[in-house]
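Working notes, structure below.
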Amino acid sequence: QVKLVESGGGLVQAGGSLRLSCAASGGTLDRYGMGWFRQAPGTGRVIVAAIAWNGRTTHYADSVKGRFIISKDNAKSTAYLQMNSLKPEDTAVYYCAADRAYSQIGATYAYWGQGTQVTVSS
């Protein structure tokens with residue numbers, strides 16, 4: 001059973017940066033694709049970015065392309081989401097997820113973290 005714990009959220013001004021981390025325990029991430037999702041108040045959970053198990057394939061939501069970078073360090077069993085040029089509309093709870101498959105669909109992910117709050121002030 002893989003357990004995921006996110007960290008790195010917080011309050012930042014518009015234009016600033018944050019790096020979210022997703023640390024895995026109970027297993028390694030070597031063969032897992034990873035996804036970052038977010039959920040703003042009153043909305044559903046949506047994909048932000050996804051990365052294949054080997055890091056060679058990535059996907060980004062149009063809203064974050066050119067600003068966010070997803071990566072994973074299999075040796076550390078940790079995935080990251082580097083968020084630059086943050087906007088108030090990026091405010092949400094961010095969740096990481098892991099699955100054997102590479103996917104942009106939340107329902108396909110087997111393991112989820114509890115989420116970390118990101119708030120971007122204008």
Side-chain angles (χ1 to χ4, degrees):
Q1 182 84 5
V2 175
K3 181 179 178 182
L4 303 175
V5 178
E6 302 98 335
S7 61
L11 173 64
V12 64
Q13 288 189 331
S17 297
L18 284 175
R19 187 175 82 155
L20 305 184
S21 299
C22 174
S25 60
T28 64
L29 295 180
D30 302 49
R31 297 295 178 177
Y32 284 87
M34 302 294 298
W36 284 96
F37 295 77
R38 68 186 182 188
Q39 186 169 17
T43 69
R45 194 174 299 185
V46 297
I47 184 74
V48 176
I51 187 167
W53 69 272
N54 58 7
R56 293 176 184 171
T57 305
T58 57
H59 166 82
Y60 295 93
D62 288 343
S63 58
V64 306
K65 279 181 183 176
R67 299 189 298 122
F68 290 12
I69 301 172
I70 187 171
S71 62
K72 65 195 296 270
D73 186 333
N74 289 334
K76 295 182 178 180
S77 289
T78 302
Y80 304 95
L81 185 67
Q82 177 66 43
M83 305 187 296
N84 302 318
S85 303
L86 282 160
K87 304 175 181 180
E89 50 264 44
D90 294 318
T91 295
V93 177
Y94 284 71
Y95 300 88
C96 68
D99 195 80
R100 295 286 186 176
Y102 167 67
S103 173
Q104 293 107 50
I105 302 172
T108 65
Y109 282 83
Y111 304 104
W112 289 84
Q114 307 101 307
T116 185
Q117 176 70 47
V118 171
T119 303
V120 184
S121 63
S122 57

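Residues take their numbers from the sequence shown, with the count starting at 1.
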Exercise. Rounded to the nearest 0.5 Å, what's the gap from CG on Leu81 to OG1 on Thr116? Could you check?
Key: 11.0 Å
Self-check item: side chain to side chain donor-acceptor pair (under 3.5 Å) partners of Thr57, counting only residues at least two apart
Solution: none
Practice problem: Not counting sequence neighbours, which residues clear side chain to side chain donor-acceptor pair (under 3.5 Å) with Ser77? List them please. | Solution: none
Quiz item: Any idea which heavy atoms bring Ser103 and Thr108 closest together, and the distance?
Solution: OG-OG1, 2.8 Å
Quiz item: Please, which pairs that meet disulfide (SG to SG under 2.5 Å) have at least one residue in residues 37-88, sequence neighbours excluded?
Solution: none
Self-check item: Sequence-distant partners of Val2, side chain to side chain contact (heavy atoms under 4.5 Å, CB included), two or more places apart
Solution: Leu4, Ala24, Tyr32, Tyr111
Quiz prompt | Residue pairs fulfilling disulfide (SG to SG under 2.5 Å) with at least one residue in residues 30-65, sequence neighbours excluded | solution = none
Quiz prompt | ILVMFWY network linking Met34 to Val118, side-chain heavy atoms under 4.5 angstrom | solution = yes
Quiz prompt | All pairs passing side chain to side chain donor-acceptor pair (under 3.5 Å) where residues 10-19 contributes a residue, at least two apart | solution = Ser17-Asn84
Quiz item: Can you list every disulfide (SG to SG under 2.5 Å) pair that touches residues 64-118, not counting sequence neighbours?
Solution: Cys22-Cys96
Exercise. Apply side chain to side chain donor-acceptor pair (under 3.5 Å) to Thr58 and list each qualifying residue two or more places apart in sequence or on a separate chain.
Key: none
Self-check item: Whether Tyr60 side chain and Ile70 backbone form a donor-acceptor pair below 3.5 Å
Solution: yes
Quiz item: Is any side-chain heavy atom of Glu89 less than 4.5 Å from a side-chain heavy atom of Val120?
Solution: no
Self-check item: Sequence neighbours excluded, every pair satisfying salt bridge (charged side-chain N to carboxylate O under 4.0 Å, His left out) that has a member inside residues 72-81
Solution: none
Quiz item: Mind checking who shares a hydrophobic cluster with Trp53, ILVMFWY linked at side-chain heavy-atom distances under 4.5 Å?
Solution: none
Exercise. Taking all non-hydrogen atoms of both residues into account, name the closest pair between Ser122 and Pro88 and its distance.
Key: CB-CG, 3.8 Å
Quiz item: Hey, does Leu20 have a side-chain heavy atom less than 4.5 Å from the side chain of Glu6?
Solution: no
Practice problem: Report whether Met83 and Tyr80 are members of the same hydrophobic cluster (ILVMFWY, side-chain heavy atoms less than 4.5 Å apart, transitive linking). | Solution: no
Quiz item: Has the side chain of Asp99 got a donor or acceptor atom that lies under 3.5 Å from a matching backbone atom of Gly33?
Solution: no
Quiz item: Given Asn74 and Arg31, is the side-chain contact (heavy atoms from CB on, under 4.5 Å) satisfied, shown in steps?
Solution: CA-CA 9 Å; Asn74 289 334; Arg31 297 295 178 177; over 6 Å; no
Quiz item: Transitively linked via ILVMFWY side-chain contacts under 4.5 Å: Ile51 with Phe68?
Solution: yes
Practice problem: List the atom of Ala40, the atom of Ala92, and the distance in Å for their closest heavy-atom pair. | Solution: N-CB, 3.8 Å
Quiz item: Closest heavy-atom contact between Tyr102 and Ala52?
Solution: CD1-N, 3.5 Å
Quiz item: About how many Å separate CD of Gln117 and OG1 of Thr91, when rounded to the nearest 0.5 Å?
Solution: 7.0 Å
Quiz item: If you group Ile, Leu, Val, Met, Phe, Trp and Tyr whenever their side-chain heavy atoms sit less than 4.5 Å apart, what else falls in with Ile47?
Solution: Phe37, Val93, Tyr95, Tyr109, Trp112
Quiz item: Closest heavy-atom contact between Tyr94 and Val48?
Solution: CE2-CG2, 4.2 Å
Exercise. Could you pull out all residues at least two apart from Asp90 that satisfy side chain to side chain donor-acceptor pair (under 3.5 Å)?
Key: Arg38, Arg67
